[in-house]
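Accompanying notes for the structure given below.
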Amino acid sequence: MSDLIVSGHPTPDPQGQVLSITPESAGWTYVGFSVYSLKEGQTLRQVTGNNEVCVVFLGGHGKVATAKKMWQRVGHRLHVFEKTPPFAVYVPNEDFFEITALTPLDIAICQAPGFGTHEARLISPAHIGVETRGYGNLERQIHHILPESEAADSLLVVEVFTPGGHWSSYPPHKHDEDNLPHESFLEETYYYKVEPAQGFAMQRVYTDDESLNELLVVKDGEAVLVPKGYHPVCAPPGYEVYYLNVMAGPHRTWKFRNDPAHAWVMAPPSKSCDEKDCQ
């Protein structure tokens, strides 16, 4: 299996962890990512240390406390394929979070360096931007959980729903050069869920010179590391693909460059004059 694919545990460990990526395990600097599957009544407590954290409620309900804030019931969808925007909680560095599952609860913990700039806060579905991006079989649904326009020190967090037979993160784009204002350097993780769960997604990760050029077959519950290069995704017919993206780098801005060979697909094809609305 490719070193870019990170598989989860078949069963949660005693703390509920099913997947873990650290900067050390990934061989990079900024992004950490983990997934926990908690039983009803189970509590998870972590200190944030030098990192800010965004806890995304993938499915289920929980009670959340930090050093200064508490929310008695967070979460509303039971699984990601309800396709409603999630709840999330932002926690700054040098803080802690304690989550008690009120139902079976799946959460993703997104981490990157924090500088103490912002306070802990609840991110409700009403504060998450929903976007339909692309056209035809490039169309997909985007939930902007922690975009550049919202307060954070390093983290950018977004989730994407790609229908069967569609492509996303397409045309292929990259963000691996610290060359602002044209391109920003951002490490990125993709965490996948597939419906039905026996399906798979495909993702290519490649550079201009193809010194990195891998075609990955990714299963439900696995993650992909994108340290550099272009990274398009496709969902096979019959299987809907969800992924949660976490990005971070030296500057909190998403400036990307499309692969010049494929940038032309950004423009929808012009309508044929055989169509009734082309008069």
Is the shortest side-chain heavy-atom distance between Lys255 and Pro181 below 4.5 Å? no

Distance-minimising heavy-atom pair for Gln46 and Tyr36: NE2-OH, 2.8 Å

Closer than 3.5 angstrom, by distance alone: can the side chain of His251 be matched with the main-chain N or O of Thr253 as a donor-acceptor pair? no

Donor-acceptor contact present, side-chain Arg121 to main-chain Ala151, <3.5 Å: yes

Leu105 with Phe97, same ILVMFWY side-chain cluster at under 4.5 Å: yes

Are any side-chain N or O atoms of Thr103 and backbone N or O atoms of Gly60, one a donor and one an acceptor, separated by less than 3.5 Å? no

Any chain of hydrophobic side-chain contacts (each under 4.5 Å) joining Ile128 to Val55? no

To the nearest 0.5 Å, what is the distance between CG on Leu138 and CH2 on Trp167? 9.5 Å

Between Val246 and Val31, what is the shortest heavy-atom contact and its length? CG1-CG1, 3.9 Å

To the nearest 0.5 Å, atom CD1 of Ile5 lies from atom CD of Glu214 at 8.0 Å

Evaluate Thr48 against Asp95 for side chain to side chain donor-acceptor pair (under 3.5 Å), listing each step before the verdict. CA-CA 5 Å; Thr48 58; Asp95 202 333; 5.8 Å; no

Whether over 12 other heavy atoms sit under 6.0 Å from Asp3 CG: no

Looking only at heavy atoms, which two atoms of Ser20 and Val6 are closest? And how far apart? O-CG1, 4.0 Å

Relative to each other, are the rings of Trp254 and Phe256 parallel, tilted or perpendicular (30° and 60° limits)? tilted

Output for pair (Leu38 CG, Thr43 OG1), nearest 0.5 Å, gives 8.0 Å

If I compare all heavy atoms of Pro86 with all of His143, which pair ends up nearest, and what's the gap? CD-ND1, 4.2 Å

Does the ring centre of Tyr243 sit less than 6.0 Å away from the ring centre of Tyr191? no

Using a 6.0 Å cut-off, check whether atom NZ of Lys219 has over 12 heavy atoms from anything other than its own residue. no

Test log, rule side chain to side chain contact (heavy atoms under 4.5 Å, CB included), inputs Ile145 and Cys54: CA-CA 9 Å; Ile145 299 168; Cys54 180; 4.3 Å; yes

Report yes if some heavy atom in the side chain of Phe200 is under 4.5 Å from a heavy atom in the side chain of Val194; otherwise report no. no

For the pair Glu188 (side chain) and Leu225 (backbone), establish whether a donor and an acceptor sit closer than 3.5 Å, ignoring hydrogens and angles. no

Give the minimum heavy-atom separation between Ala120 and Thr66, together with the two atoms involved. CB-OG1, 3.7 Å

Any Lys/Arg nitrogen of Lys83 or Glu240 sitting under 4.0 Å from an Asp/Glu carboxylate oxygen of the other? yes

So, does Asp153 use its side chain to make a donor-acceptor pair with the main chain of Phe115 at under 3.5 Å? yes

Might you work through the side chain to side chain contact (heavy atoms under 4.5 Å, CB included) test for His76 and Phe57, ending with a clear yes or no? CA-CA 9 Å; His76 68 119; Phe57 279 62; over 6 Å; no

Checking Lys63 against Glu40 for the salt bridge (Lys or Arg N to Asp or Glu O under 4.0 Å) test, could you report, in this order, the C-alpha distance in whole Å, the side-chain angles of both residues, the deciding distance, and whether it holds? CA-CA 11 Å; Lys63 176 181 177 181; Glu40 183 175 349; over 6 Å; no

To the nearest 0.5 Å, what is the distance between OG (Ser37) and CG (Leu58)? 9.5 Å

Below 4.5 Å, heavy atoms only, C-beta onward: do Asp106 and Val35 meet side chain to side chain? no

Given side chain to side chain donor-acceptor pair (under 3.5 Å), test Glu52 with Tyr90 step by step and report yes or no. CA-CA 8 Å; Glu52 64 179 1; Tyr90 173 85; 2.5 Å; yes

Is the positively charged end of Arg140 above the ring of Phe161, judged by distance under 6.0 angstrom from the centroid and angle within 45° of the axis? no

As a test of understanding, state which of Thr207, Asn258, Asp208, Asp259 forms a side-chain hydrogen bond (donor to acceptor under 3.5 Å, both in side chains) with Tyr230. Asp208

Does any N or O in the side chain of Glu210 come within less than 3.5 Å of the main-chain N or O of Tyr206, such that one atom is a donor and the other an acceptor? no

Presence of salt bridge, Glu159 and Arg77, under 4.0 angstrom: yes

Please determine whether side chain to side chain contact (heavy atoms under 4.5 Å, CB included) holds for the pair Leu44 and Ile109, giving the CA-CA distance in whole Å, both sets of side-chain angles, and the decisive distance to 0.1 Å. CA-CA 11 Å; Leu44 175 69; Ile109 299 175; 3.9 Å; yes

With a cut-off of 6.0 Å (strictly less than), are more than 12 heavy atoms of other residues, nucleotides or ligands near CD of Glu119? no

Going hydrophobic residue to hydrophobic residue with side-chain gaps under 4.5 angstrom, can you get from Ile99 over to Phe96? no

Could you give me the CA-CA distance, side-chain angles and deciding distance for Arg204 and Asn213, then say whether side chain to side chain contact (heavy atoms under 4.5 Å, CB included) is met? CA-CA 7 Å; Arg204 185 186 179 198; Asn213 186 15; 3.0 Å; yes

Should the heavy atoms of other residues, nucleotides or ligands under 6.0 Å from NE2 of His127 be counted, would the total exceed 12? no

Partner of His173 by side-chain contact (heavy atoms from CB on, under 4.5 Å), out of His231, His262, Met266: His231

Verify the cluster assignment for Tyr190 and Met247: are they in a single hydrophobic cluster under the rule of side-chain heavy atoms below 4.5 Å apart? no

With side chain to side chain donor-acceptor pair (under 3.5 Å) as the criterion, how do Thr132 and Gln141 come out once you've worked through the C-alpha distance, each side chain's angles and the decisive distance to 0.1 Å? CA-CA 5 Å; Thr132 299; Gln141 181 175 319; 5.7 Å; no

Do you know the tightest heavy-atom contact between Glu148 and Leu156? N-CD2, 3.5 Å

Under a 3.5 Å distance rule, please check whether Asp13 uses its side chain to pair with a backbone N or O of Gln15 as donor and acceptor. yes

Can we call the ring centroids of Trp28 and Tyr30 under 6.0 Å apart? no

Going by heavy atoms in the side chains, are Leu122 and Phe87 under 4.5 Å from each other? yes

Treating Ile, Leu, Val, Met, Phe, Trp and Tyr as nodes and any side-chain heavy-atom pair under 4.5 angstrom as an edge, say whether Val89 and Ile123 lie in one connected cluster. no

Given the rule in the side chain to side chain donor-acceptor pair (under 3.5 Å) test, do Glu183 and His175 qualify, once you have shown the distances and angles that lead to the verdict? CA-CA 6 Å; Glu183 187 174 346; His175 37 74; over 6 Å; no

Say whether, by atom type as modelled, one donor and one acceptor occur between the side chain of Ser154 and the main chain of Pro113 under 3.5 angstrom. yes

CA sep, side-chain torsions, deciding dist, call: Arg45, Glu98, salt bridge (Lys or Arg N to Asp or Glu O under 4.0 Å): CA-CA 4 Å; Arg45 190 183 193 277; Glu98 184 175 278; 3.7 Å; yes

To the nearest 0.5 Å, how far apart are CZ in Phe33 and CG in Asn245? 9.5 Å

As an exercise, state the distance from NE2 of His61 to OG1 of Thr100, rounded to the nearest 0.5 Å. 15.0 Å

Are side-chain heavy atoms of Glu139 and Arg133 found at a separation under 4.5 Å? no

